[in-house]
Amino acid sequence: MTLLQALAGAVGASQVLSEGDLSAYEQDWRRRWHGKALAVVRPGSTDEVAAVVRLCAAARVAVVPQGGNTGLVGGGVPDGSGTQILLSLQRMNHVRHIDASNLTLTAEAGCVLQTVQAAAADAGLLFPLSLAAQGSCTLGGNLATNAGGTQVLRWGNARELCLGLEVVTAAGEVWHGLSGLRKDNTGYDLRDLFIGSEGTLGVITAATMKLAPRPAAVGTALAACHTLDDAVALLNLAHTRLGAGLTGFEVMGRRALDLTARHFPALPAPLPDAPWTVLLEQSDVEGEAPARSRFEALMEAALDHGCVHDAVIAQSLAQSQGLWQLRESIPLAQAQEGPNIKHDIALPVSQIPAFVAGTDAALQRRFPGIAVINFGHLGDGNLHYNVQPPPGVDAHWFLAEQEHAVNTLVFDAVAAQGGSFSAEHGIGVLKRDALAQRKSPVALQMMRAIKAALDPLNVMNPARVL
Ligand code: FAD
Ligand code: ZN
């Protein structure tokens, strides 16, 4: 019996796809990696996932787990060899249980993030993980990449929201680690090993996640700043005035907003053009009126201080959604604009203004005419510091010829300020070489030891991360 026949026996012939157009699985969201799978396999249960992994391990065939295929580092698509099994979790999309008194939700890995948010909302609760890809990315993918997004400032990354996991190991065994406990010091934390492992240690099949009470009011404001130093001053003011009520603090550079205006002209433009525009979100347990007055007081203080020169506070849910759309459309506008060199960097917030000034200038000197599309989660010290080729230069050529040099310049500058070259998107294929070069030898050796211990046959997403 061939492997494909055995897999068909495990999950049903209709769930083993090896013919026709499989590009939705084989090509990544950015259309940067075009792979070829031996087959796409779509198990419907944890036991089926385990059976697939056992069959692949016995045949020494690599398994590439995939959720919503929105990852940005090429980790979730097969390589071009035609020998890897693409394991799609899409059919495992049930919310299994909500425990409202324990403030937890247990869902299968293939649940789309928005579905998880909606299930929590239906129970009168909040699942705070939120990112622009939430209509297609999955809970399993969020955990496998330790996704961040727009609420990290208050709620942390996917890791901070996760209490327990169910995992199919590289040997095809099931680890039943679903737990709703906040405290459990019983040895090594296996859960945290799988979070952020990008499919290289096992397949996450379900997770128990933390929920929170729904805020009584959520407010959104937009503020215009002359400099990034001003934006950082506004952040400090917002921390002081709003405390834990500050749930979002996003920055958008002028070029990023120019790009969204060009590609999505119907989006609102409530403030005049400014070098930096900040989107603030406040969540309040007390209700609309106190929330609004706190927000107004913050904006008045910021105008008095001088760190903000213009501001608007959304007056309705629709207005608030419009402001968020502005921010969330930037990656989509960039995708429409064409290939660019993406950086997802983390820095101490205090170092960001100097980093941006110095690195912008160094990039211009070395690659005249490039444009930096700079936006991101300033409250977390996380920038999407993306480099677009100079006008008239073929973007594919620029990426092929200059990406390494651009990355070296940016990553060296990041390292000099004590930052990270991968804040929230992960390593995948894109940053594997950077990891090998820039992570300390001691850290790399421990990572390789963990990989060898949990996946001795190297079947789980090989050649990703390490
Ligand atoms: P996939 O792309 O399918 O997979 C990603 C990685 O996880 C791969 O290595 C894959 O092998 C592995 N994987 C997937 N599912 C499993 C599983 N069940 N078990 C084991 N391994 C698995 N990220 C952020 O952190 N913050 C953002 O703000 C953000 N914004 C984004 C905006 C847009 C428009 C897009 C397209 C992406 C954005 N991302 C962001 C990238 C982010 O990594 C993904 O959106 C999301 O976390 C990945 O989920 P997915 O289900 O699509 O995973
Ligand atoms: Zn982001």
Side-chain angles (χ1 to χ4, degrees), residues 24-25 27-33 35 43 46 49 53 62-78 84 86-90 92-93 107-114 116 129-152 157-159 165-170 194-207 248 250-251 327-336 342-346 375-380 382-386 422-430 432 460-465:
Y25 300 97
Q27 179 177 273
D28 77 301
W29 186 85
R30 292 172 68 188
R31 304 206 168 110
R32 197 179 155 153
W33 292 276
T46 302
V49 174
V53 173
V63 177
V64 181
Q66 186 183 88
N69 195 14
T70 66
L72 298 173
V73 291
V77 287
Q84 303 187 322
L86 190 290
L87 179 83
S88 168
L89 279 298
Q90 272 172 346
M92 293 192 55
N93 58 3
E108 292 175 349
C111 269
V112 169
L113 174 54
Q114 214 161 50
V116 178
L129 189 69
S130 175
L131 43 132
Q134 63 199 24
S136 6
C137 66
T138 63
L139 184 60
N142 298 148
L143 287 162
T145 58
N146 187 25
T150 55
Q151 302 282 304
V152 173
N157 295 301
R159 182 188 303 283
L165 287 181
E166 178 187 272
V167 170
V168 169
T169 69
F194 288 100
I195 298 174
S197 66
E198 300 183 49
T200 62
L201 300 180
V203 185
I204 297 169
T205 50
E250 300 284 312
V251 74
R327 162 65 184 87
E328 299 197 327
S329 300
I330 299 171
L332 308 176
Q334 278 218 283
Q336 298 214 355
K342 287 203 187 304
H343 299 117
D344 161 40
I345 55 179
F375 62 99
H377 319 287
L378 184 62
D380 314 323
N382 174 195
L383 294 179
H384 297 311
Y385 186 84
N386 299 338
S422 178
E424 58 172 8
H425 295 162
I427 301 297
V429 186
L430 183 66
R432 196 180 48 201
M460 288 309 310
N461 221 359
R464 272 67 169 194
V465 184

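Position 1 is the first residue of the sequence, and the numbers go up from there. When a ligand or atom number is given, it counts from 1 through the structure's own listing order. As a basis for the values below, the full set of heavy atoms in this structure was taken, side chains included, without hydrogen atoms, waters or symmetry mates.
Each of the atoms 32 (C) of ligand 1 lies under 4.0 Å from some heavy atom of Ala132. Counting the atoms of ligand 1 from 1 in the order shown, those under 4.0 Å from a heavy atom of Ala109 are 18 (N). Listed by number with element, the atoms of ligand 1 under 4.0 Å from a non-hydrogen atom of Gly76 are 8 (C), 9 (O), 10 (C), 11 (O). For ligand 1 and His377, the ligand atoms under 4.0 Å from any heavy atom of the residue are 28 (O). Here is the list of ligand 1 atoms found below 4.0 Å of a heavy atom in Asn461: 9 (O), 11 (O). With ligand atoms numbered from 1 in the order given, ligand 1 contributes 20 (C) to contacts under 4.0 Å with heavy atoms of Gly202. Short contacts between ligand 1 and Gly199, defined as distances under 4.0 Å to a heavy atom of the residue, involve ligand atoms 20 (C), 21 (N).
Every N/O-N/O distance between Gln66 and ligand 1 stays at or above 3.5 Å. Ligand 1 has no N or O atom lying under 3.5 Å from any N or O atom of Ala147, backbone or side chain. Residue contacts with ligand 1: Ile204 is placed with a nitrogen or oxygen under 3.5 Å of a nitrogen or oxygen of the ligand (distance criterion only). Polar contact check, Thr70 against ligand 1: a nitrogen or oxygen pair lies under 3.5 Å apart. Between Glu424 and ligand 1, a contact under 3.5 Å exists for at least one N or O pair. Considering both main-chain and side-chain atoms, Gly149 comes within under 3.5 Å of ligand 1 through a nitrogen or oxygen pair. Where the criterion is an N or O separation shorter than 3.5 Å, residue side chain and backbone included, Gly68 meets it with respect to ligand 1.
Side chain of Asp28 to main chain of Arg30: a donor-acceptor pair is present (N/O by atom type, distance under 3.5 Å, no hydrogens or angles). Of the possible polar contacts, one joining the Glu108 side chain to the Asn93 backbone as a donor-acceptor pair under 3.5 Å is found. The main-chain N or O of Pro65 is never found under 3.5 Å from a side-chain atom of Asn461 such that the two would form a donor-acceptor pair. Side-chain atoms of His425 never come within 3.5 Å of backbone atoms of Gly71 as a donor-acceptor pair (strictly under, hydrogens ignored).
For His384, the N/O/S atom at the shortest distance from the Zn ion (ligand 2) is named NE2. Among the heteroatoms counted here (N, O or S) of Glu424, OE2 is the one nearest to the Zn ion (ligand 2).
Contacts between Arg464 and ligand 1 below 4.0 angstrom, taking non-hydrogen atoms only, are absent altogether. Residue contacts with ligand 1, taken as heavy atom pairs separated by less than 4.0 Å, involve Leu89 solely via side-chain atoms from C-beta onward. Using a 4.0 Å cut-off between heavy atoms, Pro65 contacts ligand 1 through both its backbone and its side chain.
A donor-acceptor pair shorter than 3.5 Å can be found between the side chains of His377 and Glu424.
Annotation: atom 1 (P) of ligand 1 to nearest protein heavy atom, Asn69 N, 3.6 Å. Of the protein's non-hydrogen atoms, Ala144 CB, 3.5 Å is the one closest to atom 13 (N) of ligand 1. With hydrogens left out, the protein atom closest to atom 5 (C) of ligand 1 is Thr145 CG2, 3.7 Å, a heavy atom. The closest protein non-hydrogen atom to atom 23 (N) of ligand 1 is His425 CD2, 3.5 Å. Looking at atom 2 (O) of ligand 1, its nearest protein heavy atom turns out to be Gly71 N, 2.7 Å. Looking at atom 38 (C) of ligand 1, its nearest protein heavy atom turns out to be Leu72 CD1, 3.8 Å. If you check which protein heavy atom lies closest to atom 29 (C) of ligand 1, you get Leu131 CD1, 3.6 Å. Of the protein's heavy atoms, Ala133 CB, 3.7 Å lies nearest to atom 33 (C) of ligand 1.
Between the choices Asn142, Thr138, Leu113, Val73, the shortest heavy-atom distance to atom 46 (C) of ligand 1 belongs to Asn142. Which of Ala206, Pro331, Ser329, Cys137 comes nearest to atom 49 (O) of ligand 1 through a heavy atom is settled by distance: it is Cys137. Closest heavy-atom approach to atom 25 (O) of ligand 1 among the candidates Gly148, Gly141, Ala158: Gly148.
Every heavy atom of Glu328 sits 4.0 Å or more from the atoms of ligand 1.
Tested against Cys137 for a side chain to side chain contact (heavy atoms under 4.5 Å, CB included), the candidates Thr145, Thr70, Leu129 yield a single pass: Thr70.
Put simply, His425 stays out of reach of the Zn ion (ligand 2), with no N, O or S atom under 2.8 Å from it.
Here Glu198 does not pair with Arg464 in a salt bridge; the nearest charged N to carboxylate O distance is not below 4.0 Å.
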